[in-house]
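I have placed the structure first, in the form of structure tokens, so that the comments after it can refer back to it.
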Amino acid sequence: MKRIGILTSGGDSPGMNAAIRAVVRCGIDAGLEVWGIERGYEGLLDGEIKRMDRSSVGDILHRGGTVLKTARSERFMEASWIDKGAQMLRTFEIEGLVVIGGDGSLKGGLELAKRGIKVMGLPGTIDNDLGYTDFTIGFDTAVTTVLDAVGKIRDTSSAHDRTTVIEVMGRHCGDIALFAAVAGGAECALVPEEPEDINKVCRKIIEGSNRGKLHSIVIKAEGTSTPSDKLTKIIEERTGKETKLVVLSYLQRGGSPTLNDRMLATLCGAKAVELLREESESKAIGTCSGQIVAYDLEEALKMPRRFDSNLYDLVDVLSK
Ligand code: F6P
């Protein structure tokens, strides 16, 4: 293999740049040409492909976002467009491709793998919703950002004896809410993986208030069934306590990656190059019990996600 490509796809996540840097610099060090594809699969279809050198990834390790840009591609859902994408890679004589993105992006990579491209998938998403890896690139930074917000919101919540519902991202996965609730000392976490019991949340707030705890933080994942504004009103009505809503939204996707995300991104990027150099079959690269792992791409994408219900129960115990 002489020439490899790299793209970022789907929602950006902090650490994507660190992964790009690792792939470019390790790739060049291994004697490969590295070509950057802009705007994910959209850019691939439109031929937005440029050669990268060591200096093109200078000064990006610590930056959020992605220098290659990203996009969600409707076109790449269709077989005929995927065929065109594979053809475009062949036109540029790119035999191996590193895809950094979430579930949908890696599934796109699998389709290219079925068309003869060697694809290495890196888990780039804040959601932590991929079953084959303990952590995804960007999750640690997103939770750290949420924790910073929780600390600030607690100050004002406590000054006014208020309840605050904080809505966090994660799509169908509750990990951002769960980890932020444990590490941020929230009264409750609401996650899509567990039944939504609003009365239990209200009881918790009232019981806390009876013990003299006059402010409460509820961290709610965006994927739970009751919309956040409605939930906030219900909590206010049922507890009789003033309740505010804060939606953290895209704030969670930006910012400089944490140590954990920089390390994970860098080690996954280096592993991707090592595997491409060996002309390995397509793999999904991630982490398991602190080690970098690589699984068959198709098998990895079938692995079910495990929700940590012990951690969920702990939120309750810790906030009694
Ligand atoms: O997948 C990352 C994520 O930030 C999710 O948590 C969120 O639901 C979604 O992307 C938002 O997507 P978009 O950037 O397309 O609005």
Side-chain angles (χ1 to χ4, degrees), residues 7-20 38-43 63-77 99-110 121-150 165-181 184 189-194 196 219-229 231 245-258 260-261 264-265 268 284 286 300-301 303 305 307:
L7 61 81
T8 49
S9 163
D12 61 303
S13 70
M16 280 182 163
N17 280 328
I20 296 168
E38 296 200 330
R39 294 192 307 112
Y41 295 119
E42 281 293 289
R63 295 188 198 282
T66 157
V67 289
L68 287 176
K69 309 271 178 170
T70 185
R72 299 192 191 280
S73 178
E74 289 288 322
R75 287 187 288 173
F76 215 70
M77 306 274 183
V99 173
I100 310 170
D103 186 55
S105 305
L106 299 197
K107 281 184 178 147
L110 177 61
L122 266 58
T125 167
I126 63 165
D127 296 342
N128 211 36
D129 59 349
L130 289 165
Y132 79 86
T133 180
D134 288 348
F135 294 107
T136 56
I137 298 164
F139 171 71
D140 190 72
T141 309
V143 177
T144 302
T145 302
V146 173
L147 289 177
D148 180 51
V150 168
V165 174
I166 303 176
E167 185 199 280
V168 298
M169 280 185 165
R171 208 182 285 269
H172 306 299
C173 178
D175 276 14
I176 296 180
L178 178 64
F179 280 64
L190 287 168
V191 295
E193 293 86 348
E194 296 284 339
E196 189 187 73
I219 303 189
K220 176 198 179 290
E222 64 178 353
T224 54
S225 48
T226 307
S228 300
D229 50 351
L231 174 82
L245 171 65
V246 177
V247 180
L248 293 181
S249 187
Y250 295 102
L251 193 75
Q252 296 156 89
R253 286 233 301 250
S256 182
T258 57
N260 285 337
D261 279 330
L264 179 60
C268 286
L301 294 176
M303 291 184 193
R305 257 203 77 248
F307 179 74

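Each ligand, and each atom within it, is numbered from 1 in the order the structure gives.
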### Query
Step by step, would you call S249 with E167 a side chain to side chain contact (heavy atoms under 4.5 Å, CB included)?
CA-CA 8 Å; S249 187; E167 185 199 280; over 6 Å; no
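- For the pair S105 and Y41, the tightest heavy-atom approach, listed with the atom from each and the gap, is O-OH, 2.6 Å.
- Distance alone, capped at 3.5 Å, is enough to place a donor-acceptor pair between the E222 side chain and the R171 backbone.
- When hydrogens are left out, the protein atom nearest atom 1 (O) of ligand 1 is D127 OD2, 2.7 Å; that is the closest non-hydrogen contact.
- Contacts of Q252 with ligand 1, taken as heavy-atom pairs under 4.0 Å, are absent altogether.
- Near E222, meaning under 4.0 Å from any of its heavy atoms, are these atoms of ligand 1: 5 (C), 6 (O), 7 (C), 8 (O).
- In summary, the atoms of ligand 1 found under 4.0 Å from a heavy atom of Y250, numbered by their order in the structure, are 13 (P), 14 (O), 16 (O).
- Protein heavy atom nearest atom 15 (O) of ligand 1, with residue, atom name and distance: R72 NE, 2.8 Å.
- Put simply, the side chain of N128 gets close to the backbone of T136: a donor and an acceptor are under 3.5 Å apart.
- Within the 4.0 Å heavy-atom shell around ligand 1 one finds G170.
- Side chains of T145 and Q252: no donor on one and acceptor on the other come within 3.5 Å.
- The nearest protein atom to atom 4 (O) of ligand 1, hydrogens excluded, is given as R253 NH1, 2.8 Å; this is a heavy-atom distance.
- Residue R305 forms a salt bridge (charged side-chain N to carboxylate O under 4.0 Å, His left out) with just one option from D175, D103, D134, D129, and that option is D175.
- Checked by distance only, ligand 1 and I126 stay at 3.5 Å or farther apart across all their nitrogen or oxygen atoms.
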